[in-house]
Amino acid sequence: MLVSRTLVNRCAKMQHACKRNIAAQALKYKGYAVHKPHEKFELWEYEPGPLAPNDIEIKVTHNGLCHTDLHMRDDDWGLTAYPLIPGHEVVGTVTAVGDDVAGIARGSRVGVGWIRDSCRRCKNCLRGNENLCVKGYTGLIVGPNNFGGFQQVMRAPADFAYVLPDSLSSAAAAPLLCAGVTVYAPLRKHLKAPGMQVAVLGVGGLGHLAVQFAAKMGAAVTAVDIDPTKEQEAKKLGAEHFVEFNAAYEQCKGRFDVIINCVAVRINFQGVLGMLAPDGVAVQAVLGMLAPDGVAVQACDGVAVQCGIPGGGAIIDLDLQDVVFGQKSMAGSIVGGRADMAEMLQFCADKGVEPMVQTMKLSQVG
């Protein structure tokens, strides 16, 4: 009897799998795609095939619009596989789960960011720093058939999807999944005590989140921007002071423990150096491969952190004498791993950090 039951169970599973594969073959998804560089996004239909054991299916409700999507559209970095469906700040509801998925159920509201997968085995991955995977992580929209959120339904590995706290709205959560973690991770690393003096250069998409994060972490925040009309807005977000950019080099000499640069243009980095107090840290926090140029340098015994990879084959030149006698270091930082992401999302929910958003229909993306 035991053998008979085992055979019956196996047959039932095989029949179920066959039915699922047949259904998958008939299933079609629609998304906004391009088939070559510089094209406009147009609706495109494809067959996704069977749901992989470790993947989830997500009914997409919200996407953040990031400049990285445009770089990928135009193959600016030589990474794009066409057809491309972009979108890597994705929020939606889980409609199906693979056979081996644990911890995420149908009906869960989840977010998916820039990192799609990693080796899961190296020391960095095991610490939750998948952004530093020794073998290299896979970007959500990098590689053949890795389609992003500019579609009605998408699939992604469950291990890199994050169940969102109830108090975070879907529209607010989307930009946090890349822009948010990009500035949260370095601030979390370098703000080591309450009351540290922090400057945020550029109160835009990244900067307005950096101001909130730094203030909620207990720092005394100074917002620096070329637009004086942003002063009131910056102070509402948590900045104690506001200084116009061109005046900051002189007015703020030796003031800051940490400077996070969210400006995506060339600036006077020697001037940035001057604004740091001894043992200070300057952080270049421009979203992955978005900034045209940039290197941050800082005062004695500090560490300069470059977030992302500037386009155009940028080269960093450092004054060797300044590096040696100031005991300065140059380091890098790129988005954040699963540990940073999970912590950041909960931090936002607990502390009330939200991006300023404008919503529009996905059909307007073209």
Side-chain angles (χ1 to χ4, degrees), residues 176 179-204 206-225 230-231 233-245 247-263 267-286 294-308 322-323 326-336 339-340 343-344 346-348 350-355:
L176 296 174
V181 75
T182 294
V183 293
Y184 178 86
L187 283 169
R188 179 70 171 83
K189 180 176 181 179
H190 295 292
L191 288 181
K192 299 178 180 178
M196 291 182 72
Q197 295 288 327
V198 174
V200 176
L201 310 186
V203 190
L206 292 176
H208 88 290
L209 288 170
V211 168
Q212 293 181 74
F213 282 134
K216 298 290 185 181
M217 290 177 186
V221 182
T222 297
V224 181
D225 200 279
K230 291 185 178 181
E231 179 174 359
E233 177 184 289
K235 289 183 175 179
K236 285 182 179 178
L237 294 172
E240 295 183 12
H241 307 284
F242 181 91
V243 182
E244 289 189 42
F245 214 112
Y249 299 122
E250 290 298 322
Q251 290 184 20
C252 301
K253 280 187 176 180
R255 179 186 297 186
F256 303 114
D257 300 304
V258 175
I259 296 176
I260 182 163
N261 181 22
C262 302
V263 178
I267 62 173
N268 177 4
F269 285 104
Q270 193 60 41
V272 173
L273 174 76
M275 289 192 289
L276 280 157
D279 206 31
V281 180
V283 181
Q284 174 72 15
V286 180
V295 52
V297 191
Q298 82 293 328
C300 297
D301 206 25
V303 179
V305 183
Q306 175 80 19
C307 296
D322 193 19
V323 170
Q327 294 186 180
K328 299 174 182 178
S329 303
M330 184 68 196
S333 182
I334 182 72
V335 287
D340 287 324
E343 182 181 283
M344 181 271 302
Q346 192 60 54
F347 184 95
C348 291
D350 292 343
K351 302 293 185 178
V353 175
E354 284 197 359

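All values below were derived from every heavy atom in this structure, side-chain atoms included, with hydrogens, water molecules and symmetry-related copies excluded.
Looking at every heavy atom in both residues, A223 comes nearest to A239 through CB-CB, 4.0 Å. Closest approach of E240 to K235, counting heavy atoms only: O-CE, 4.0 Å. Between G238 and V221, the shortest heavy-atom distance links the atoms O-CB, 4.3 Å. The two residues V211 and A234 have their closest heavy-atom pair at CG1-O, 4.0 Å.
Between F242 atom CZ and T222 atom OG1 the span is 10.5 Å, to the nearest 0.5 Å. Atoms CE and CE, on M196 and M217 in that order, are 11.5 Å from each other to the nearest 0.5 Å. If you take NZ on K230 and NZ on K236, they are separated by 15.0 Å, rounding to the nearest 0.5 Å. To the nearest 0.5 angstrom, L187 atom CG is 11.0 Å from T182 atom OG1.
Looking at D225, its side chain does come within 3.5 Å of a backbone N or O of V203 through a donor-acceptor pair. When atom types are taken as modelled, the side chain of K216 and the backbone of K351 share a donor-acceptor pair closer than 3.5 angstrom. With hydrogens and angles ignored, the 3.5 Å screen pairs a side-chain donor or acceptor of D257 with a backbone N or O of Q197.
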Report task. Give the intermediate values and the outcome of side chain to side chain contact (heavy atoms under 4.5 Å, CB included) for residues V198 and I259. Result -> CA-CA 6 Å; V198 174; I259 296 176; over 6 Å; no
Requested in this report: Just do the side chain to side chain contact (heavy atoms under 4.5 Å, CB included) check on V353 and Y184 with the steps written out, would you?
Outcome: CA-CA 11 Å; V353 175; Y184 178 86; over 6 Å; no
Requested in this report: Any chance you could lay out the side chain to side chain contact (heavy atoms under 4.5 Å, CB included) test for V200 and V183, step after step, and finish with the verdict?
Outcome: CA-CA 10 Å; V200 176; V183 293; over 6 Å; no
Report task. Start with the C-alpha distance between Q251 and V243, add both sets of side-chain angles, then the distance that settles side chain to side chain contact (heavy atoms under 4.5 Å, CB included), and finish with yes or no. Result -> CA-CA 8 Å; Q251 290 184 20; V243 182; 3.7 Å; yes
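Every residue meeting the salt bridge (charged side-chain N to carboxylate O under 4.0 Å, His left out) condition with R188, not counting sequence neighbours, appears here in chain and number order: E343. Looking at residues two or more places apart in sequence or on another chain, you find no salt bridge (charged side-chain N to carboxylate O under 4.0 Å, His left out) involving E244. Every residue two or more places apart in sequence or in another chain that forms a side-chain contact (heavy atoms from CB on, under 4.5 Å) with K253 is listed here: E250.
The aromatic rings of F213 and F347 sit tilted relative to each other, their planes meeting at an angle between 30° and 60°.
C348 has its side chain out of reach of E354: every pair of non-hydrogen atoms, C-beta onward, lies at least 4.5 Å apart. With contacts defined as side-chain heavy-atom distances shorter than 4.5 Å, the pair L191/V258 qualifies. No side-chain heavy atom of I260 sits less than 4.5 Å from a side-chain heavy atom of L201.
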